[in-house]
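Notes follow once the structure below has been shown.
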Amino acid sequence: MQPTFKQLEDFANVTHVPFGYLFLPEPPQIPMPIPDFRTLQNQQLQTTSPDLLDTIYAMQRRQAWLRESRLECEAPPLEFVGSARLADDPAAIGHEMRRLLGLMDGWAATVRTWQEAVGALRSAIEAAGVMAVINGVVGNNTRRVLDVEEFRGFALSDEYAPLIFVNGADAKSAQMFTLAHELAHLWLGGEGSGLSGFPGIFPDGGVVETFCDRAAAEFLVPEAELRASWPDMRREQSPFELLARRFKVSPIVVGRRAMDLRLVDRQYFFDFYESYRKLERKQKQAAVGGGDFYNNQNTRVGSLFATQVIRAAREGRIGFKQAYELTGLNGGTFQEYARRLGMELP
């Protein structure tokens with residue numbers, strides 16, 4: 001009841017709350033820094049964790065820096081950002097997204113694993129000029145795991161430095177859908193910029209979320225490909241799981257797509273959905289830590305952004321202290337990651 005100054009400091013550090021907030025008469029209302037598309041039973045969600053807020057702030061700083069850097073270099077704007085309207089056909093936008101990324105029909109079936117598919121899609125998105133970040137923790141702090149139940153991803157629209165963020169604590173198959181979903185948000189431009197991905201495959205009333213879900217579904221599981229495969233697959237005991245391995249998405253995505261295309265009835269899909277969700281809950285949560293630290297930076301920072309920062313530091317346009325803050329890498333760690341990207345530093 002009478003904490004010491006040191007105890008208050010420790011409490012603020014553990015809860016990731018600014019120290020001064022503890023002396024206010026009541027907790028302050030911290031506004032969401034970006035539009036919030038998350039809904040549950042058609043109600044806006046009010047809670048926002050410090051982990052989510054810190055992640056959004058970090059991504060906004062990266063975006064602001066890259067935007068300024070590209071403007072200084074007189075780089076042209078990315079024409080696809082904001083090129084779609086909610087009145088457009090989502091399926092047509094899904095096709096356009098795939099065309100711009102250079103992903104041909106059946107591309108996902110040519111990669112062996114979920115991890116390779118996620119990596120290939122993320123690389124294609126970055127090649128188009130979009131920062132694509134996948135991270136399951138705040139920065140590199142493995143003690144601050146991002147909550148999948150709170151959010152799955154967000155998009156920060158900008159014609160010079162667009163950014164999408166995917167919650168890496170989610171399953172790889174779910175990350176595929178979130179990548180495509182957030183990419184569709186960029187096609188909507190400012191209208192689509194914001195926090196999304198809750199509660200996943202079932203958008204709960206929002207027109208923006210519904211549009212992006214439909215565009216992502218066509219992007220990942222094109223109607224023509226699914227219809228061509230279905231006559232053979234429908235005889236199998238687990239058709240959704242088999243098709244999921246081919247398209248490298250969650251079986252729930254395939255099942256929902258089959259229901260929307262009236263290849264199966266609603267009862268068939270929802271029976272499968274309930275049993276699959278029960279199985280998922282029994283399985284161990286996807287690991288968010290581990291692996292090679294520098295390989296993790298390829299998704300947590302991304303070569304597109306890291307290369308720009310490293311080049312700016314090497315040319316003296318920014319100080320190394322700012323480069324460390326932007327990437328979340330310090331000293332020798334920053335130097336080593338630069339070396340692995342083929343960029344030696346003095």
Looking only at side-chain N and O atoms, does [Y] offer a donor or acceptor that is under 3.5 Å from a partner on [X]?
X    : Y    : value
R152 : N167 : no
Y337 : N298 : yes
R122 : T299 : no

List the atom pairs, donor and acceptor, that lie under 3.5 Å between side-chain atoms in residues 75-86 and the rest of the protein, sequence neighbours left out.
{"residue": "S83", "atom": "OG", "partner": "F80", "partner atom": "O", "Å": "2.8"}
{"residue": "S83", "atom": "OG", "partner": "W187", "partner atom": "NE1", "Å": "3.4"}
{"residue": "R85", "atom": "NH1", "partner": "G82", "partner atom": "O", "Å": "2.7"}

Centroid-centroid under 6.0 Å between F154 and H185 rings | no
Candidate pair S193 and I34, rule side-chain contact (heavy atoms from CB on, under 4.5 Å), full reasoning = CA-CA 7 Å; S193 184; I34 59 177; 5.5 Å; no
Side-chain heavy-atom pair [X], [Y] within 4.5 angstrom cut-off:
X    : Y    : answer
L261 : L226 : yes
F247 : R257 : no
I93  : P90  : no
N13  : F19  : no
L52  : L195 : yes
L146 : F165 : yes
L163 : V130 : no
R300 : I134 : no

Take the angle between the ring planes of F320 and Y324 and call it parallel below 30°, perpendicular above 60°, tilted in between.
-> tilted
When the ring planes of F240 and Y268 are compared, do they come out parallel, tilted or perpendicular, using 30° and 60° as the limits?
-> perpendicular
Do any pairs count as a ring-ring contact (aromatic ring centres under 6.0 Å, His included) and have a residue in residues 53-77, sequence neighbours left out, and if so which ones?
-> W65-F305
Which residues pass the salt bridge (Lys or Arg N to Asp or Glu O under 4.0 Å) test with [X], not counting sequence neighbours?
X    : answer
E223 : R227
R262 : none
D147 : none
R214 : none

Stepwise side-chain contact (heavy atoms from CB on, under 4.5 Å) test for Q267 and F272 = CA-CA 8 Å; Q267 190 60 49; F272 163 77; over 6 Å; no
How about E68: does its CD atom have over 12 heavy atoms from other parts shown lying under 6.0 Å from it?
-> no
Hey, is CZ on F11 packed in by over 12 heavy atoms from elsewhere, all under 6.0 Å?
-> no
What's the verdict on side-chain contact (heavy atoms from CB on, under 4.5 Å) for M176 and V253, showing C-alpha distance, side-chain angles and the deciding distance?
-> CA-CA 10 Å; M176 283 286 287; V253 173; over 6 Å; no
Worked verdict on R62 versus T327 for side-chain contact (heavy atoms from CB on, under 4.5 Å) = CA-CA 8 Å; R62 289 186 187 181; T327 60; 5.7 Å; no
